[in-house]
Asker: 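This is the structure I have questions about; it appears just below.
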Amino acid sequence: MRTIIEPFKIKSVEPIFFTSKEERVKILEEAFYNPFLIHSNKVLIDLLTDSGTSAMSSDQWAGIMRGDESYAGSPSFFRFEAAVKNITGMPLVIPTHQGRASEKILFSILGGKGKYFISNTLFDTTRANIEFSGAEGVDCLCKEGKLPTVPAPFKGNMDLELLEKTIQEKGAENIPLVIITVTNNSGGGQPVSMANIKAVRKICTTYNIPLFIDACRFAENSYFIKLREDGYQNTSVENIAKELFSYADGCTMSAKKDAFANIGGFLAMNDPALAQQCRNLLVITEGFPTYGGLAGRDLEAIAIGLVEVLDENYLQYRIRSIEYLTNKLIDAGVPVMQPAGGHAVYLDAKGFLDHIPVDQYPGQALVGALYLEGGIRGVEIGSLMFGKYDDNGKLIPAQMELVRLAIPRRVYTQSHIDYVAEVIIEVYQNRKQFKGLTIVEEAPLLRHFTVKMKPSTN
Ligand SMILES: *Cc1c(COP(=O)(O)O)cnc(C)c1O
């Protein structure tokens, strides 16, 4: 087979920023070993997130120029609405400024004390919005989804037995929605199969509970279905996506992911009464229903992005580029999550820096090492992000110590990715020289964003 090439050529370029290792030693120290405190013009390859970091196409930029900024009834809104309706089949489309704004509106209406929302895995902003309403989120991820190095085709699937048991335990009347996250971001970007979505639909119908999709990476998930699920090899990804949405009553979306936009999101649904309530809140928090927190130009960029993301040459390149980096690392013996997910490579920091105890944050230490050696920025997803303290102030570690390297869409070329692999492998070969970290200062909530750390002395 021939090399799968980037399915685009480059019209406009942005600089990336080279620094010397001596400079990076100082920058890292001044940022207290926290990647969120490093200025992005001191980063060479930025893999902090795939959210809002996509390169837009020349068509999208042309759409930005065409954007109509009328307060009400802009043609840009109607193009956006048509694009969303076409893919989701849902007649009621509500624009928002990003995914969590959709969540805030939805869960303010459906949430509240005594309510439960069940998911494969709720993303952190989704869970936060559910909990903020007073309700609780419950994850029912399949067993294989919790084993990082054991490969399986659909590790984002719901555990159907556990779902049904949870519904019976909590009472169907207390469960306003079941939500499937595609792909499962917090679980390594792993896909959900169509069979699993259909089975969840059936259970939801039995108990009369609506099903929503957290659709941020619907195109990547649909492409995995085409590659891996029997019966879909000859179906277009667009039709796979349409089938996927056909089992749902509604969806939330962040257009900063699979719509190639730098900002934006939406809610779409079938139920007119619920849509009316959402629009009532939208007007207070986001804006009039034909722009909802966005400029007309953003609506144009999203409408065009939603068509481009279903291009199968793009998706082949996208999924392959994550797999390419993952395989290079596996071949070099680097411990990584398997199989490759849709948007990021996850390093297993516990295996990588096995001389650093969990209370010295091996994930954060690895993030620092990658920056120091190669100017690469990733993010810890481990005990710094999810760890808690017991009554004696001792760390209760997270289940896994991961470092996520999220790949922005259409931004980096194969030689950038080769460089990333080289740096990771070099760090792995010299891993014993890297030390753990100790917390100097931390916030009570979401501490990873602002934490200050220093190298451990032992
Ligand atoms: C990013 C994301 C969100 C939230 O979207 P924002 O646009 O960042 O507010 C919700 N769910 C998933 C799965 C996401 O990846």
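Both counts, for ligands and for their atoms, begin at 1 and track the order of listing.
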Asker: Output yes when the distance from some N or O of ligand 1 to some N or O of Lys256 is under 3.5 Å, and no in every other case.
Answerer: no

Asker: Could you find the nearest protein heavy atom to atom 8 (O) of ligand 1 and give me its residue, atom name and distance?
Answerer: Arg100 NH2, 2.9 Å

Asker: Based purely on interatomic distance, does Thr181 place a nitrogen or oxygen under 3.5 Å from a nitrogen or oxygen of ligand 1?
Answerer: no

Asker: In the protein, what heavy atom is nearest to atom 7 (O) of ligand 1, and what distance, to one decimal place, separates them?
Answerer: Ser254 OG, 2.7 Å

Asker: May I ask you to check whether Phe8 and Tyr314 place their ring centers less than 6.0 Å from one another?
Answerer: no

Asker: Specify the protein heavy atom at minimum distance from atom 1 (C) of ligand 1: its residue, its atom name, and the distance to 0.1 Å.
Answerer: Lys257 NZ, 1.5 Å

Asker: Looking at Tyr247, does the NZ or CZ of Lys242 lie under 6.0 angstrom from its six-membered ring centre and within 45 degrees of the ring axis?
Answerer: no

Asker: With sequence neighbours excluded, what pairs up with Ser102 under the side-chain hydrogen bond (donor to acceptor under 3.5 Å, both in side chains) test?
Answerer: Thr96

Asker: Does the ring centre of Tyr71 sit less than 6.0 Å away from the ring centre of Tyr291?
Answerer: yes

Asker: Looking only at N/O atoms, are Thr183 and ligand 1 under 3.5 Å apart anywhere?
Answerer: no

Asker: For atom 11 (N) of ligand 1, which protein heavy atom lies nearest, and how many Å away is it?
Answerer: Asp214 OD2, 2.7 Å

Asker: Tell me: protein heavy atom nearest atom 10 (C) of ligand 1, and distance?
Answerer: Glu103 OE2, 3.2 Å

Asker: List the steps and the verdict of ring-ring contact (aromatic ring centres under 6.0 Å, His included) for Phe224 and Phe154.
Answerer: CA-CA 9 Å; Phe224 276 121; Phe154 291 105; 7.9 Å; no

Asker: Indicate every side-chain donor-acceptor pair of residues 334-346 with a distance under 3.5 Å to a residue at least two apart or in another chain.
Answerer:
unit_1 : atom_1 : unit_2 : atom_2 : d
His343 : NE2    : Asn185 : OD1    : 3.0
Tyr346 : OH     : Asn185 : O      : 3.1

Asker: If you measure every N/O of Arg217 against every N/O of ligand 1, is any gap under 3.5 Å?
Answerer: yes

Asker: Do you know which two heavy atoms are closest between Asn41 and Phe17, and how far apart they sit?
Answerer: O-CB, 3.1 Å

Asker: Suppose we measure from atom 4 (C) of ligand 1 to each protein heavy atom; which comes out shortest, and what is that distance?
Answerer: Thr125 OG1, 3.4 Å

Asker: Tell me whether Gly265 reaches ligand 1 (any heavy atom closer than 4.0 angstrom to a ligand atom).
Answerer: no

Asker: Measure across Tyr317 and Ile4 and return the closest heavy-atom pair with its distance rounded to 0.1 Å.
Answerer: CA-CG2, 3.9 Å

Asker: Give yes or no for whether the N/O distance cutoff of 3.5 Å, strictly under, is met between Gly99 and ligand 1.
Answerer: yes

